[in-house]
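As structure tokens, the structure follows; a few thoughts come after it.
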Amino acid sequence: MTLRLYDTATRQLRDLDPVVPGHVGIYHCGLTVQGPPHIGHIRKEVVFDVLRRWLERGGHEVTIVANVTDIDDKILAKGEEQGRPWFAVAYENERALHAAYEVLGCRPPTYEPRATGIVPEMLEMIETLLERGHAYVAADGSGDVYFDVRSWPAYGELSNQRVDDMQAAPDAPPEGKRDPRDFALWKGRKDGEPESASWPTPWGRGRPGWHLECSAMAAKYLGHEFDIHGGGLDLRFPHHENELAQSRAAGQPFARLWMHNAMLNLSGSKMSKSVGNTLMVSEVVKRVPAIALRYYLVAAHYRSIIEYSEESLAEAVTAFERIDGFVARAAELSGGVVEPTEVTDAFATAMDDDLAVPAALAELQAVIATGNKLLAGGDSAELRATLGSVRAMLDVLGVDPLSEHWRGAAPAGGDRAALGSLVLALLEQRQQARATKDFATADLVRDQLAAAGVEVEDTPHGPRWSVKS
RNA sequence: GGUGGGUUGGCCGAGAGGCGAGGCAACGGAUUGCAAAUCCGUCUACACGGGUUCAAAUCCCGUACCCACCUCCA
């Protein structure tokens with residue numbers, strides 16, 4: 001089985017062809033930790049978490065590197081504004097990002113370096129670019145170092161643009177630049193900026209330009225040539241274009257394949273802080289089970305825009321309840337000892353086809369439909385096999401309710417046991433009432449439980465109950 | 001001005017020349033003491049206008065609208 005992915009650089013589906021067979025190196029751009037993550041940010045994490053899980057299931061060893069940009073103009077501005085060190089802002093938001101990984105069941109990257117932790121490597125790379133004639137120190141004495149776009153004829157290859165067709169950046173002060181499209185590798189320290197936000201260099205004190213950290217990190221942790229570079233589609237230009245240019249100009253082949261996830265929109269435009277249409281992960285998770293939020297983010301194809309709405313989120317919650325319901329019922333009947341086994345062929349085919357999760361989910365639903373029929377017959381080998389397969393498929397998407405991660409989210413043991421014995425006592429009363437056809441009493445008990453948030457269903461094997469979230 | 005992507009049934013959301021995903025909602029039936037859950041069934045669309053083809057949601061041309069990027073951005 002070969003995974004095919006859509007390569008943004010060549011705009012076609014391509015087979016994954018790892019540099020080192022059996023191993024896949026992935027770099028994806030993390031966050032600039034100037035604020036806590038919103039659900040658009042976390043969509044990217046979920047997408048790459050699914051990619052990792054699928055590759056690992058296919059027997060690949062996966063190394064994922066994602067940067068944390070912990071220094072930039074906005075972080076410095078926030079520190080200033082809040083009257084505390086810039087790094088206090090960065091660390092706080094980095095923790096919020098890690099909390100969001102955890103709450104949505106995303107395994108953290110293998111390595112997650114901070115921009116400020118890779119300054120020497122960046123400086124080495126700048127030296128190389130200077131030597132090769134692809135970079136220059138600004139003539140205005142600012143201490144800025146720029147990449148010379150005109151010196152690199154391939155510039156624009158990733159985003160399929162020609163330098164001459166591009167609009168010149170209107171905001172960037174052109175002072176030290178030879179061409180308005182030249183971008184900063186290194187930014188000289190400006191008056192008023194904290195000393196702690198600068199590092200010594202041959203050109204004076206300064207701090208990293210944004211793009212260079214990714215090139216330096218990818219080279220250090222994945223090698224000069226690696227398999228997949230990912231990130232949000234909004235990073236394709238200029239960020240990824242610039243990364244590609246500087247790495248190649250420094251003599252490194254860089255990423256073999258580029259993978260970009262589409263945005264999550266709210267009110268018709270990209271969720272972003274500057275538009276003000278953001279929904280924080282930490283907030284949404286208070287209203288909706290985290291596993292259902294993950295299902296929502298994972299259910300759409302990663303290259304399709306998700307137009308967020310309360311309705312579509314609510315629908316995802318309902319859709320996931322059907323899946324969760326089957327897993328819970330099947331696990332109860334089979335004694336809860338069925339481990340994930342193998343995904344079905346149709347599921348695998350879908351995932352191999354550019355992570356076609358919607359098609360994979362259609363297959364999952366079909367398997368669950370047969371599983372639901374088996375449920376009527378009580379415990380059976382077929383039921384266990386179906387549950388094992390369903391769990392395997394859910395595990396690939398990171399939404400197996402019986403996995404260690406999500407099971408851990410259930411109420412604490414002691415409380416759960418106390419609740420359970422109370423509910424069972426009431427259900428016993430109800431069963432006695434039903435046995436004597438005293439349905440008024442039976443319904444009263446059920447209503448009381450429902451009022452307390454406990455739902456009761458009668459099955460051929462007796463009543464089952466669950467806490468309504 | 002340049003570069004990509006999109007417009008599918010009441011809703012969400014796949015597909016990408018013939019065999020018309022899947023889910024949600026709705027309706028009918030089975031099951032149930034009644035429910036719930038489940039199963040069976042019904043409804044069935046491809047922005048608009050041309051064209052190619054035996055056959056187009058799918059290819060081509062044009063039009064409209066939407067999104068992203070060309071400035072920090074997942």
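Everything quoted here is computed from the prediction, not taken from an experiment. Per chain, numbering begins at 1; letters A, B, ... match sequence-line order. Heavy atoms only: backbone and side chains are in, while hydrogens, waters and symmetry mates are out.
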Given [options], identify the nucleotide with an atom nearest to the side chain of [X].
X: A/A369; options: B/C70, B/C39, B/A14; result: B/C39
X: A/N265; options: B/G5, B/A74, B/C67; result: B/C67
X: A/R236; options: B/C72, B/A74, B/G4; result: B/G4
X: A/N261; options: B/G2, B/U3, B/A74; result: B/A74

For this session: For residues 206-217 of chain A, pull every pair meeting salt bridge (charged side-chain N to carboxylate O under 4.0 Å, His left out), keeping only residues two or more places apart or in separate chains.
Result: A/D73-A/R207, A/E193-A/R207
For this session: Only pairs at least two apart or in different chains count here, so list each salt bridge (charged side-chain N to carboxylate O under 4.0 Å, His left out) that has a residue in residues 227-242 of chain A.
Result: A/D234-A/K270
For this session: Indicate yes or no: does A/R4 engage A/D352 in a salt bridge with an N to O separation below 4.0 Å.
Result: no
Given the [atom1] atoms of [N] and [M], what is the spacing between them in whole Å?
N: B/C59; M: B/U53; atom1: C1'; answer: 9 Å
N: B/G41; M: B/G22; atom1: P; answer: 11 Å
N: B/G62; M: B/U71; atom1: P; answer: 28 Å
N: B/G6; M: B/A47; atom1: P; answer: 13 Å
N: B/U7; M: B/C39; atom1: P; answer: 30 Å
N: B/A37; M: B/C48; atom1: C1'; answer: 45 Å
N: B/U42; M: B/A16; atom1: C1'; answer: 28 Å
N: B/C24; M: B/G13; atom1: P; answer: 15 Å

Exercise. Who are the ring pair (Phe, Tyr, Trp, His ring centres under 6.0 Å) partners of A/F183, not counting sequence neighbours?
Worked result: A/F147, A/H211
For this session: Specify the residues of residues 378-393 of chain A, ordered by number, for which at least one heavy atom lies under 4.0 angstrom from an atom of RNA chain B.
Result: none
For this session: Enumerate the residues from residues 99-106 of chain A whose closest heavy atom to RNA chain B is under 4.0 Å, giving them by residue number; use none for an empty result.
Result: none
Seminar exercise, completed: From CD of A/E307 across to P of B/C65 the rounded distance in Å is 19 Å
Exercise. Rounding to a whole Å, what distance do you find between A/L297:CG and B/G13:P?
Worked result: 12 Å
Problem set entry | 5' precedence on RNA chain B between A/N372 and A/G268 (nearest-nucleotide basis) | A/N372
Exercise. Given that A/Y6 and A/Q161 both sit by RNA chain B, which one's nearest nucleotide is further toward the 5' end?
Worked result: A/Q161
For this session: Let me have a per-nucleotide readout for nucleotides 21-35 of chain B, 5' to 3', with B, S or -, counting only protein heavy atoms under 4.0 Å.
Result: BSBB--------BBB
Problem set entry | Nearest-0.5 Å distance that lies between atom NE2 in A/H134 and atom CG in A/D148 | 8.5 Å
Which part of the nucleic acid does [X] contact within heavy-atom distance under 4.0 Å: base, sugar-phosphate only, or nothing?
X: A/S304; answer: sugar-phosphate
X: A/G156; answer: nothing
X: A/G30; answer: sugar-phosphate
X: A/H239; answer: nothing
X: A/I42; answer: nothing
X: A/G325; answer: nothing
X: A/T8; answer: nothing

Exercise. Paired stems touching RNA chain B, three or more consecutive Watson-Crick or G-U pairs with both distances under 3.5 Å?
Worked result: B:1-7 with B:64-70, B:10-12 with B:22-24, B:26-30 with B:38-42, B:47-51 with B:59-63
Exercise. Going by modelled atom types, is there a donor-acceptor pair between the base of B/C72 and the side chain of A/K74 at under 3.5 Å?
Worked result: yes
Exercise. Under 4.0 Å: is that the gap between some side-chain N or O of A/K273 and OP1 or OP2 of B/A74?
Worked result: no
Distance-only donor-acceptor pairs under 3.5 Å for side chains of residues 84-96 of chain A, two or more places apart:
{"from": "A/R84", "atom 1": "NE", "to": "A/Q82", "atom 2": "OE1", "distance (Å)": "2.8"}
{"from": "A/R84", "atom 1": "NH2", "to": "A/Q82", "atom 2": "OE1", "distance (Å)": "2.9"}
{"from": "A/R84", "atom 1": "NH2", "to": "A/E92", "atom 2": "OE1", "distance (Å)": "2.8"}
{"from": "A/W86", "atom 1": "NE1", "to": "A/S196", "atom 2": "OG", "distance (Å)": "2.8"}
{"from": "A/Y91", "atom 1": "OH", "to": "A/R114", "atom 2": "NH1", "distance (Å)": "3.4"}
{"from": "A/N93", "atom 1": "ND2", "to": "A/V33", "atom 2": "O", "distance (Å)": "3.4"}
{"from": "A/N93", "atom 1": "ND2", "to": "A/V89", "atom 2": "O", "distance (Å)": "3.1"}
{"from": "A/E94", "atom 1": "OE1", "to": "A/R114", "atom 2": "NE", "distance (Å)": "2.8"}
{"from": "A/E94", "atom 1": "OE2", "to": "A/R114", "atom 2": "NE", "distance (Å)": "3.4"}
{"from": "A/E94", "atom 1": "OE2", "to": "A/R114", "atom 2": "NH2", "distance (Å)": "3.0"}

Exercise. Taking only residues two or more places apart in sequence, or in another chain, which ones meet A/Q12 in a side-chain contact (heavy atoms from CB on, under 4.5 Å)?
Worked result: A/T10, A/R14
[X] vs [Y] aromatic rings, parallel, tilted or perpendicular, using cut-offs 30° and 60°?
X: A/F254; Y: A/W258; result: tilted
X: A/Y155; Y: A/F237; result: perpendicular
X: A/H240; Y: A/H229; result: perpendicular

Exercise. Just by distance, with hydrogens left out, do A/T436 and A/D438 show a side-chain donor and acceptor under 3.5 Å apart?
Worked result: no
Problem set entry | Steps toward side-chain hydrogen bond (donor to acceptor under 3.5 Å, both in side chains) verdict (A/E243, A/Y27) | CA-CA 12 Å; A/E243 279 183 50; A/Y27 187 94; 5.7 Å; no
Problem set entry | Pair listing, side chain to side chain donor-acceptor pair (under 3.5 Å) test, anchored in residues 275-284 of chain A, at least two apart | A/E283-A/K286
For this session: Sequence neighbours left out, what passes salt bridge (charged side-chain N to carboxylate O under 4.0 Å, His left out) with A/R150? Give chain and number order.
Result: A/D164, A/D179
Show the atom names and distances, to 0.1 Å, of all donor-acceptor pairs under 3.5 Å that link a side chain in residues 289-299 of chain A to residues at least two apart or in another chain.
{"from": "A/R294", "atom 1": "NE", "to": "A/L397", "atom 2": "O", "distance (Å)": "2.9"}
{"from": "A/R294", "atom 1": "NE", "to": "A/G398", "atom 2": "O", "distance (Å)": "3.3"}
{"from": "A/R294", "atom 1": "NH1", "to": "A/D49", "atom 2": "OD2", "distance (Å)": "3.0"}
{"from": "A/R294", "atom 1": "NH1", "to": "A/L104", "atom 2": "O", "distance (Å)": "3.0"}
{"from": "A/R294", "atom 1": "NH1", "to": "A/G105", "atom 2": "O", "distance (Å)": "3.1"}
{"from": "A/R294", "atom 1": "NH2", "to": "A/D49", "atom 2": "OD2", "distance (Å)": "2.8"}
{"from": "A/R294", "atom 1": "NH2", "to": "A/L397", "atom 2": "O", "distance (Å)": "3.0"}
{"from": "A/Y296", "atom 1": "OH", "to": "A/S312", "atom 2": "OG", "distance (Å)": "3.1"}

For this session: May I ask you to check whether over 12 heavy atoms, not counting those of A/E342, lie within 6.0 Å of atom CD?
Result: no
